[in-house]
S.K.: 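Okay, handing you the structure first.
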Amino acid sequence: METLESLRTLYRQPFLALLTQARGVHLAHHPMDEIQRCELVNIKGGGCREDCRYCAQSARYATGLSVHKLLEPAALRQAVEDARAHGATRLCLGAAWRGLKESDAQLEAVCRLVEAIREEGLEICVTLGLLEPGAARRLREAGVMIYNHNLNTGPKFYERVATTHTFADRIATLRAAQEAGLRLCSGGILGLGESVEDRLEMLLTLCQLDPAPESVPLNLLVPIPGTPLAPQAPVDPFDLVRLISVTRILLPYSRIRLAAGRRSLSREAQALCFLAGANSLFIGEQLLTTPNQSFDLDQSLFSALGIEEPSSAARGQF
Ligand code: SAM
Ligand code: DTB
Ligand code: SF4
């Protein structure tokens, strides 16, 4: 059983020792050069009533973002085509709202979207905020395979990041998703003003989930002008690599996704992240509301590192 103290001990090792340990764990559980590619699509942008202090889509901050209605099934075709063109094996549908109850009309609308693409041969992940158990079951029935819901930070720091819901609410959603038979994708954001201790507390919570999340996205804060957290100092890439390493050691079987914020990292820093155990990323020009590292740059990075497009047989292997 891991403890916060054991995580601290891991984290504080000399950098190269930590990296070497993580690499050993990675190679024992994953193919050496395989990186999962996930395509993101914002199915409902902006106008969220939650107050997450990092988020472009919260209606509480003047971020200049317009509010969109839920995407129509026809418009989702483009995302499926983009995913194929980018070699993605997973499509992640995101919505900017607090969450879904079983009785919400939006739940049925999302299910219709999922049903329209469930036979496309892509893994379908959705990120729709807080979920009631009945809503989670309905999503599973419609063909959703994975639910993304990030803890974002440690339990003590959470109220400094959002006050309209709690860390415990987020855990309850993860439980509801698991009980409905959805696999979990859950991780966090670095650079919100949290301490290393907060990050380790978040990891400890993630590794205490049973079963552990199948994927762990680690985002660097993308500063959004108009949000309260925009002025935060950037994260030192070595701190990110250390955190990825500890995550890899704690969660040997999980995918670790180098998520938002890749554009702010050098190619070399991204390579170090892969060496530490990151084996997934978002591909394509756009995240939810901000640009991703361009597909051309990714192609040149993959080519420099000798990383090939994953075969469809590799899909869902872990
Ligand atoms: N509303 C749902 C929720 O909060 O879970 C789903 C959408 S929300 C935008 C998905 C995740 O994106 C957040 O939990 C957070 O981890 C990440 N995110 C949002 N804004 C970000 C930013 N500016 N920088 C980095 N990550 C961000
Ligand atoms: C995740 O962990 N990061 C993605 C996805 N899961 C939903 C979202 C990143 C959003 C970055 C800021 C934006 O584009 O608004
Ligand atoms: Fe809303 Fe999700 Fe953004 Fe929070 S992170 S403001 S819940 S869209």
Side-chain angles (χ1 to χ4, degrees), residues 2 7 10-11 13 15-40 83 86-92 121-125 145-148 150 182-188 190 199 202-204 206-220 237-238 240-262 265 267-283 293 298-299 301-318:
E2 301 297 342
L7 268 60
L10 273 178
Y11 188 91
Q13 291 181 83
F15 182 79
L16 295 176
L18 175 58
L19 193 62
T20 306
Q21 187 181 346
R23 183 70 177 156
V25 173
H26 188 74
L27 292 180
H29 296 88
H30 300 266
M32 172 139 37
D33 283 328
E34 200 208 82
I35 297 193
Q36 176 195 47
R37 303 177 187 196
C38 308
E39 183 88 23
L40 258 180
H86 295 143
T89 53
R90 176 174 294 192
L91 187 61
C92 179
L122 292 164
E123 287 185 305
I124 303 176
C125 174
M145 300 162 189
I146 304 120
Y147 197 73
N148 164 258
N150 291 338
L182 293 160
R183 291 185 281 147
L184 293 190
C185 169
S186 185
L190 277 63
R199 293 174 192 162
M202 175 185 84
L203 285 189
L204 187 64
L206 287 175
C207 79
Q208 287 169 344
L209 292 168
D210 183 20
E214 66 103 49
S215 50
V216 179
L218 293 175
N219 297 273
L220 294 174
F238 286 141
L240 171 64
V241 176
R242 277 185 185 272
L243 203 76
I244 291 173
S245 303
V246 174
T247 310
R248 172 48 70 226
I249 296 164
L250 291 178
L251 296 166
Y253 294 98
S254 306
R255 293 264 183 200
I256 301 175
R257 184 165 310 114
L258 188 52
R262 276 199 303 127
L265 293 173
R267 283 155 39 110
E268 294 81 358
Q270 293 180 57
L272 271 182
C273 293
F274 300 142
L275 200 62
N279 58 351
S280 175
L281 44 73
F282 289 118
I283 194 100
Q293 175 160 290
D298 273 342
Q299 292 288 78
L301 178 61
F302 295 147
S303 138
L305 301 179
I307 291 170
E308 290 177 7
E309 196 175 308
S311 66
S312 53
R315 180 159 51 85
Q317 197 176 331
F318 300 105

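Remember, predicted model here, so these are calculated numbers, not experimental data.
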S.K.: Taking all non-hydrogen atoms of both residues into account, name the closest pair between L91 and A83 and its distance.
M.R.: CD1-CB, 4.4 Å
S.K.: Taking N279 for the side chain and I35 for the main chain, is one N or O donor matched with an acceptor at less than 3.5 Å?
M.R.: no
S.K.: Going through the checks in order, is the side chain to side chain contact (heavy atoms under 4.5 Å, CB included) test met by L275 and R23?
M.R.: CA-CA 6 Å; L275 200 62; R23 183 70 177 156; 3.7 Å; yes
S.K.: What distance separates N148 CG from L182 CG, expressed to the nearest 0.5 Å?
M.R.: 11.5 Å
S.K.: Please lay out, stage by stage, how M202 and L218 fare under the test side chain to side chain contact (heavy atoms under 4.5 Å, CB included).
M.R.: CA-CA 11 Å; M202 175 185 84; L218 293 175; 4.2 Å; yes
S.K.: Show, in sequence, the C-alpha distance, side-chain angles and deciding distance for R257 and Q36, and conclude whether the side chain to side chain donor-acceptor pair (under 3.5 Å) test is met.
M.R.: CA-CA 8 Å; R257 184 165 310 114; Q36 176 195 47; 3.2 Å; yes
S.K.: Is any side-chain heavy atom of L203 closer than 4.5 Å to a side-chain heavy atom of L251?
M.R.: no
S.K.: Would a 4.5 Å heavy-atom cut-off, applied to side chains only, mark I283 and E39 as touching?
M.R.: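 A side-chain contact exists here, since the closest heavy-atom pair is under 4.5 Å.
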S.K.: With rounding to the nearest 0.5 angstrom, report the NE2 to CD1 distance, H26 to I256.
M.R.: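 Nearest 0.5 Å value for the NE2-CD1 distance: 8.0 Å.
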S.K.: Between L272 and L19, is a side chain to side chain contact (heavy atoms under 4.5 Å, CB included) present by the stated rule, with each step listed?
M.R.: CA-CA 9 Å; L272 271 182; L19 193 62; 3.9 Å; yes
S.K.: Within this structure, what is the CG-CG distance for the pair L258 and L240, rounded to the nearest 0.5 Å?
M.R.: 6.0 Å
S.K.: With a 3.5 Å distance limit and no angle check, can you tell me whether S245 reaches the backbone of A22 through a side-chain donor-acceptor pair?
M.R.: no
S.K.: Are more than 12 heavy atoms from other residues, nucleotides or ligands located less than 6.0 Å from atom CZ of F238?
M.R.: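 No - once you tally the heavy atoms of other residues, nucleotides and ligands closer than 6.0 Å, there are 12 at most.
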S.K.: State whether R255 and E123 are salt-bridged, where the test is any N-O pair (Lys NZ or Arg NE/NH1/NH2 against Asp/Glu carboxylate O) under 4.0 Å.
M.R.: no
S.K.: CD1 of I146 to CD1 of I124: how many Å apart, nearest 0.5 Å?
M.R.: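 If I round to the nearest 0.5 Å, the distance is 8.5 Å.
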S.K.: Taking N150 for the side chain and S186 for the main chain, is one N or O donor matched with an acceptor at less than 3.5 Å?
M.R.: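 No; zero donor-acceptor contacts below 3.5 Å.
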S.K.: Verify whether one side chain among R242 and Q13 offers a donor that lies under 3.5 Å from an acceptor in the other.
M.R.: no
S.K.: Return the minimal non-hydrogen interatomic distance between A259 and F282, and the atom names on each side.
M.R.: CB-CE1, 3.6 Å
S.K.: A88 and L122: which non-hydrogen atoms are nearest, and at how many Å?
M.R.: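 Smallest heavy-atom distance, with atoms named: O-CD2, 3.5 Å.
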S.K.: Working to the nearest 0.5 angstrom, can you tell me the gap between S254 OG and H29 NE2?
M.R.: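 With rounding to 0.5 Å, OG (S254) is 10.5 Å from NE2 (H29).
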S.K.: Hey, is CD on Q208 packed in by over 12 heavy atoms from elsewhere, all under 6.0 Å?
M.R.: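 Count over threshold, so yes.
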S.K.: Could you walk me through whether R90 and S215 pass the side chain to side chain contact (heavy atoms under 4.5 Å, CB included) check?
M.R.: CA-CA 12 Å; R90 176 174 294 192; S215 50; 3.5 Å; yes
S.K.: Out of curiosity, D33 CG to L305 CG, how far, rounded to the nearest 0.5 Å?
M.R.: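 It is 8.5 Å, given to the nearest 0.5 Å.
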S.K.: Hey, is the main chain of P252 close enough, under 3.5 Å, to the side chain of H30 for a donor-acceptor pair?
M.R.: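 Yes; judged by distance alone, with no hydrogens or angles, the pair exists.
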S.K.: State, with a plain yes or no, whether a side-chain heavy atom of L18 is found less than 4.5 Å away from one of I249.
M.R.: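 L18 reaches I249 side chain to side chain.
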S.K.: Okay, side chain of R37, backbone of H86: is any donor-acceptor separation there less than 3.5 Å?
M.R.: yes
S.K.: May I ask you to decide whether D298 forms a salt bridge with R262, counting only side-chain N to carboxylate O separations under 4.0 Å?
M.R.: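 Yes, this pair counts.
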S.K.: Between A278 and I244, which heavy-atom pair has the shortest distance, and what is it?
M.R.: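 Answer, listing the atom of A278 first, then I244: N-CG2, 3.7 Å.
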